[in-house]
Protein chains: 2
Amino acid sequence: MTERAADVPAETRERILDAAEALFGERGFDSVSLRDITGQAEANVAAVNYHFGSKEKLVDAVVERHAGPINEERMRRLADAEERFEEGPVPVSEILDAFLRPVVDEIMKDPVTERVFCKFMGRIMSEQGYQLPESVKPLFQQMAAAFAQALRMARPDLSDQTVMWRMHYSFGVMSHTLMHSEKLEQISAGRSGNPGLEKLFDHIIEFCAAGFLAPEQGEEGQW
Amino acid sequence: MTERAADVPAETRERILDAAEALFGERGFDSVSLRDITGQAEANVAAVNYHFGSKEKLVDAVVERHAGPINEERMRRLADAEERFEEGPVPVSEILDAFLRPVVDEIMKDPVTERVFCKFMGRIMSEQGYQLPESVKPLFQQMAAAFAQALRMARPDLSDQTVMWRMHYSFGVMSHTLMHSEKLEQISAGRSGNPGLEKLFDHIIEFCAAGFLAPEQGEEGQW
DNA sequence: CAGTCATTTAAACGTTTGCTTAAAACAGAT
DNA sequence: ATCTGTTTTAAGCAAACGTTTAAATGACTG
């Protein structure tokens, strides 16, 4: 086992993952070259193909590192909320909280990679043409279905399509905000404990929950 | 002046712009090569540099083609609404309508490029690191400032930061929805007149306006 | 018809891309 | 010290990238 230098932490594999996450978040998957990544990770280009097989699998590995835990935590929190509210429907804001909070937690695990991961998550959600790795797809779909059903129960007066769309909108709010999280700095100035980030998510939940509570108008079934 | 073939419409310059718009929207700016574009436009690679100077300036040209007219129309509609409501504040939903409607109109100008342009607009708004062309920046900032002020007047009880953030969120909803407009098809099935698209934007306005109407909670000034 | 201009073209430029190779460096066990 | 398996490395591959060049083509004018 090699001793690591002070400024080059952890194993090569991890360093590559960290560098890739940072650069992918900043500039997108296609625009970042393996040499950009290995340059920042202080590793050899060939190391990527040795550890991951290809650039595409590197992307998958970066996504898998966070997506699994986040989606599992979402399911856990939703189940917890459903238990707390017994048979009655879970309020929309509680559902949205179960959806967003795990992202905040994941971001705040490592304060160093905080902003980096913000952008990366935002990019995953907004980059289109990008396919989730097969390994995380099932859990993701399962999660989306569970949240859709919870929201339908919370707003039984809304049509299914409206619920789906408003879920979609909430996704957009979160994704867009994470992507442009530089502007988040003016908020999370007070670093320790990061009250700013949590406040921001509360703010998002406020906005989306209110959007969900809007009555459905116009002729229904037209869609 | 050359006569154009039936399947190769318009001038080379326009064909390149059309192809670029379609491909950029579909796959992003960096991932699309000049050869992809000229291949689809049935033109020579060198034609891009002849007509536009560089790939970057091509991107600017595609953006400028739509951004100017849209932002001007936004200003016009906002001014119109302010006139309609005299001294009293313009309702949030009217402001959002003035912001979104010009996009719908621009999209529907040419039904062929409809979906193409949807994605392109969405990408412009979400792609980060991308800089608006200098030629459209001033108008864009002017537009954003005018809408921010109108919204502050519509909700004088909200803090300035909250108004800014909720504007940001609304931006995210629109951007995300445009980016993933494939899913829009299930809606705009009935083609002629495209009632689907207009309905979708009404739906978005409903959601965002309701979000704006949410009371501000939590300790203020903390930010 | 020759001359002038704008446009289009094929070919090539030097870089950079993702990926492979074969040898070197390393760790741990014998 | 020697073998074994893993990891890292420099060097190089073909392909694709944005851009440039110089010649060919086209459409008008004198």
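Note: hydrogens, waters and symmetry copies are ignored here, and every other heavy atom, side chains too, is used. The chains referred to below are lettered A, B, ... by the order of the sequence lines, with proteins before strands, and numbering in each begins at 1.
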Contacts table for residues 45-52 of chain B: side-chain donor-acceptor under 3.5 angstrom, sequence neighbours left out:
none

Task: Value rounded to 0.5 Å, distance of OG in B:S33 from CZ in B:R27 - done: 7.0 Å
Task: Under 4.0 angstrom between B:S33 side-chain N/O and D:dC17 OP1 or OP2 - done: yes
- [ ] Taking ring-ring contact (aromatic ring centres under 6.0 Å, His included) as the test, write out the residues that go with B:F147, two or more places apart.
- [x] B:F99
- [ ] Rounded to the nearest angstrom, tell me the gap between atom CD in A:E11 and atom P in D:dT6.
- [x] 15 Å
Open item on the list: Under a 4.0 Å threshold between the charged nitrogen and the carboxylate oxygen, would B:E73 count as salt-bridged to B:R77?
Closed with: yes
TODO: Measure the distance from CZ on B:R13 to P on C:dT8 and round it to the nearest whole Å.
DONE: 11 Å
Open item on the list: I need the full list of salt bridge (Lys or Arg N to Asp or Glu O under 4.0 Å) pairs touching residues 164-175 of chain B, with sequence neighbours left out, sorted by first then second residue.
Closed with: A:E206-B:R166
- [ ] Quick one: list whatever passes ring-ring contact (aromatic ring centres under 6.0 Å, His included) with B:F212, sequence neighbours left out.
- [x] none
Task: Partner residues of B:S54 under the side-chain hydrogen bond (donor to acceptor under 3.5 Å, both in side chains) criterion, sequence neighbours left out - done: none
- [ ] Take atom CD1 of B:I37 and atom C1' of D:dA16, then tell me their distance rounded to the nearest Å.
- [x] 14 Å
TODO: Round to the nearest Å and state the distance from B:R35 atom CZ to C:dT16 atom C1'.
DONE: 13 Å
- [ ] Round to a whole Å and report the spacing from CG of A:D36 to P of C:dC19.
- [x] 14 Å
- [ ] May I ask you to evaluate whether B:T12 reaches the phosphate of C:dT8, defined as a side-chain N or O under 4.0 Å from OP1 or OP2?
- [x] yes
Task: Euclidean distance, atom CD of residue A:E42 to atom P of D:dT8 [Å, nearest integer] - done: 13 Å
- [ ] Starting from P on D:dT7, measure out to CZ on A:R15 and report it in whole angstrom.
- [x] 14 Å
Task: Members of residues 44-57 of chain B that approach DNA chain D, where some heavy atom sits under 4.0 Å away - done: B:V45, B:A46, B:N49, B:S54, B:K55
Task: Separation of C:dG18 C1' from A:I16 CD1 (nearest whole Å) - done: 14 Å
Open item on the list: For a quick check of understanding: with a heavy-atom distance under 4.0 Å over all strands, which category does B:L34 fall into, base, sugar-phosphate or nothing?
Closed with: base
